[in-house]
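As structure tokens, the structure follows; a few thoughts come after it.
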Amino acid sequence: NAGVTQTPKFQVLKTGQSMTLQCAQDMNHEYMSWYRQDPGMGLRLIHYSVGAGITDQGEVPNGYNVSRSTTEDFPLRLLSAAPSQTSVYFCASLLGETQYFGPGTRLLVL
Amino acid sequence: GENVEQHPSTLSVQEGDSAVIKCTYSDSASNYFPWYKQELGKRPQLIIDIRSNVGEKKDQRIAVTLNKTAKHFSLHITETQPEDSAVYFCAASVTGGGNKLTFGTGTQLKVEL
């Protein structure tokens, strides 16, 4: 049981490039979320999903897309990276009310 | 939407002393309040949570109190140890919307020897 996994751990992008942050969980949790963490701002919800085929926007969705084709995977896509998207990204899955966070992806956009 | 404010942003205590971190929330519908600990470079981890039908909850050296009328809740750490040094986040959500947590901005706790 690996829990919540994220890849890559670290990524450098140039402005305008696209990429996908991967997130997977093997706990069969229906609920999954993406957060970004910036200094002094805590964690902010980007997108979330309540099950395969269902996604919705969180607090800061602009510039990000998600899909949920399977229960296990919840990728986050940056279509055209901007320096403002430099952050640490955490994926999480939910059982009951408890969030289980992945190890995070540190993204630097130049 | 929900807004969670957290104070202080930094807190330094001597080993063995107590530490208190306070949060306020704005949405009276919020009824689930978890606290997370995040060590440097690591993921946030749940340390304790409380639901609105309970006023206080304790787990060894950690306790959380909730005042629904005033819309504030607090984390209390007693007999602090160096390994308690970390960033602590409070959060709030509505039951059933648990994956829509609203987080506070965090408190950097430093326990000095």
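Since the model is a prediction, treat every value here as computed from it, not as a measurement.
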Please examine the side chains of [Y] and [X], heavy atoms only from C-beta on, and report whether any two atoms are closer than 4.5 Å.
| X | Y | value |
| --- | --- | --- |
| A/Glu30 | A/Val50 | no |
| B/Ile47 | B/Leu75 | yes |
| B/Gln6 | B/Ile21 | yes |
| A/Tyr31 | A/Gln99 | no |
| A/Tyr35 | B/Leu101 | yes |

Taking A/Gly102, A/Gly104, A/Pro39 one by one, which has the highest count of heavy-atom pairs under 4.5 Å against chain B?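 Looking at each option in turn, the highest pair count goes to A/Gly102.
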Between side-chain atoms of residues 9-20 of chain A and protein atoms elsewhere (two or more places apart, or another chain), which donor-acceptor pairs fall under 3.5 Å?
{"residue": "A/Thr15", "atom": "OG1", "partner": "A/Leu110", "partner atom": "O", "Å": "2.6"}
{"residue": "A/Gln17", "atom": "OE1", "partner": "A/Lys14", "partner atom": "N", "Å": "2.7"}

Which atoms of B/Pro34 approach chain A - backbone, side chain, both or neither, heavy atom under 4.5 Å: neither
If I measure from the heavy atoms of chain A, does B/Gln38 come under 4.5 Å with its side chain, its backbone, both, or neither?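 For B/Gln38, the contact with chain A is made by the side chain alone.
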Which residues in residues 102-113 of chain B have any heavy atom closer than 4.5 Å to a heavy atom of chain A?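 B/Phe103, B/Gly104, B/Thr105 fall under the 4.5 Å cut-off.
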Where on [X] is there a heavy atom nearer than 4.5 Å to chain B: the side chain, the backbone, both, or neither?
| X | value |
| --- | --- |
| A/Val4 | backbone |
| A/Glu59 | neither |
| A/Phe90 | side chain |

Take atom CD of B/Glu15 as the centre, draw a 6.0 Å sphere, and report whether it contains more than 12 heavy atoms from other residues, nucleotides or ligands.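 Yes, enclosed.
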A quick test of your reading: do over 12 heavy atoms of other residues, nucleotides or ligands sit less than 6.0 Å from CZ of A/Arg106? no
CZ-OG1 distance between B/Arg61 and B/Thr80, expressed to the nearest 0.5 angstrom: 7.5 Å
